[in-house]
Structure formats: C-alpha cells, structure tokens
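The structure appears below as structure tokens.
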Amino acid sequence: MLNIRRVDSASSHTHCWRVTVQRRKRIFVRDFSDGRHASQQHALQAAQVYRDKLIKAYPPLSKAAYCAIRKKNNRSGISGLTRVDTWEMYKGRRFRRLYWEAQWPVGNGKAQHKKFSITKYGEDEAYLRAFTARATALKALSTQTFSPFETWTRRRGQAG
C-alpha cells in the first residue's frame, strides 16, 4: 500500500500500521496501533483515512515543478541544463567537445537528452537553444504528477 506499511515487532510489543508521507523536505510519520483501534483492520482503516487527508492537504509536486528544483551540484543556474567540456577519442584522434545539454524525464526512470554545440552555435545561442528545448519539454509534462515509486510499483505489479 502506498505510504502505509505494517510494523510487527515482538521484542518491542509494537503491532501497528505506520503512515509515512514526505512532502517538500517535511516528513509526516504516524502509527496506528491495533490495540488502540480494537483490531488490525480498524487500525488500517484509520491509517488510510489519515494518509488520504495528508495527501489532500499536501498534494504531490507536478513533474514540471519537481524538475525545476535546483540541485546542490548545479552550476548552470537552471536545473536540467549542463555545460559539457570534454575530450573524446574518434578514429584514433583526440578532440574537444563543447556543448550545452538539456535533460528532462520521459518516464520509466529514463531521461531525454538534447545537445547543442557551442562550436556550431556559439556559447549564448547553444545555451538559449538548450534552455528552450527543456522548457518546451517541461511544458508537456505539466499535467503529470511526480511519483518516485512509479517504476518501483510497476516492477512489482502493484497499483500505485
């Protein structure tokens, strides 16, 4: 069950359903004891009601909003844009590749990449093209919500 798991520990005499929901760096955790709710089934129902209220009060981020979160190691100033300066081998020769790369999620834990050569377009134009490509792709994702467990639940054959 999404955000609900069973806790049965004989050593600590704990028998409950635990609800855990994380939203924007805040984690909500609450236990629903079998003893307090008279049975395991009643405790589960109480946990589901609590989880549903939490999710309604704190809805998940849209994919576009999640993709816009700037990561700690970001140096370009825009999430999903990277300036690449690398040396590669091709037919026995070493050459330098300079480009701006735009990246965005496409589902199933995979990402789409698009590269724009700095040599071909110049620094500013390559950056602008990468920025525009990412913005266009994120606009198409704006109706979808972010689910970090999407691929995990699909692999196990569970409904999310």
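Residue numbers start at 1 and run along the sequence shown.
- Atom OG1 of Thr86 and atom CZ of Arg97 lie 8.5 Å apart (nearest 0.5 Å).
- With contacts defined as side-chain heavy-atom distances shorter than 4.5 Å, the pair Asn3/Gln22 does not qualify.
- Rounding to the nearest 0.5 Å places CG of Asp34 at 4.0 Å from CZ of Arg6.
- Minimum interatomic distance between Arg134 and Ala102 (heavy atoms only, all atoms of both residues): CB-CB, 4.1 Å.
- Both Met1 and Val21 are assigned to one and the same hydrophobic cluster, defined by single-linkage of ILVMFWY side chains at heavy-atom distances under 4.5 Å.
- If you run side chain to side chain contact (heavy atoms under 4.5 Å, CB included) between Phe32 and each of Arg18, Gln45, His37, only His37 comes through.
- Between the Arg51 side chain and the Leu2 main chain, a donor and an acceptor come within less than 3.5 Å of each other.
- The cationic group of Arg5 does not satisfy the cation-pi geometry with Trp17, failing either the under 6.0 Å distance to the six-membered ring centre or the 45° limit from the ring axis.
- Residues Leu128 and Leu98 do not share a hydrophobic cluster, clusters being chains of Ile/Leu/Val/Met/Phe/Trp/Tyr side chains in contact below 4.5 Å.
- Between Gln40 and His15 there is no side-chain heavy-atom pair separated by less than 4.5 Å.
- The aromatic rings of Tyr90 and Phe95 stand perpendicular to each other, their planes meeting at an angle above 60°, with 30° marking the opposite boundary.
- Between Ile118 and Arg83 the shortest side-chain heavy-atom distance falls below 4.5 Å.
- If you take CZ on Arg129 and CG on Asp124, they are separated by 12.5 Å, rounding to the nearest 0.5 Å.
- Between atom NE2 of residue His113 and atom CD of residue Gln103 there is a gap of 4.0 Å, rounded to the nearest 0.5 Å.
- Annotation: Trp100 is in aromatic contact with Tyr127 [ring centroid separation under 6.0 Å].
- For the pair Leu44 and Ile4, the minimum side-chain heavy-atom distance is below 4.5 Å.
- Under a hydrophobic-cluster definition in which Ile, Leu, Val, Met, Phe, Trp and Tyr are linked whenever side-chain heavy atoms come within less than 4.5 Å, directly or via other members, Phe131 and Val84 are assigned to different clusters.
- Contact record, Ser33 with Cys16: CA-CB, 3.7 Å, taken as the closest heavy-atom pair.
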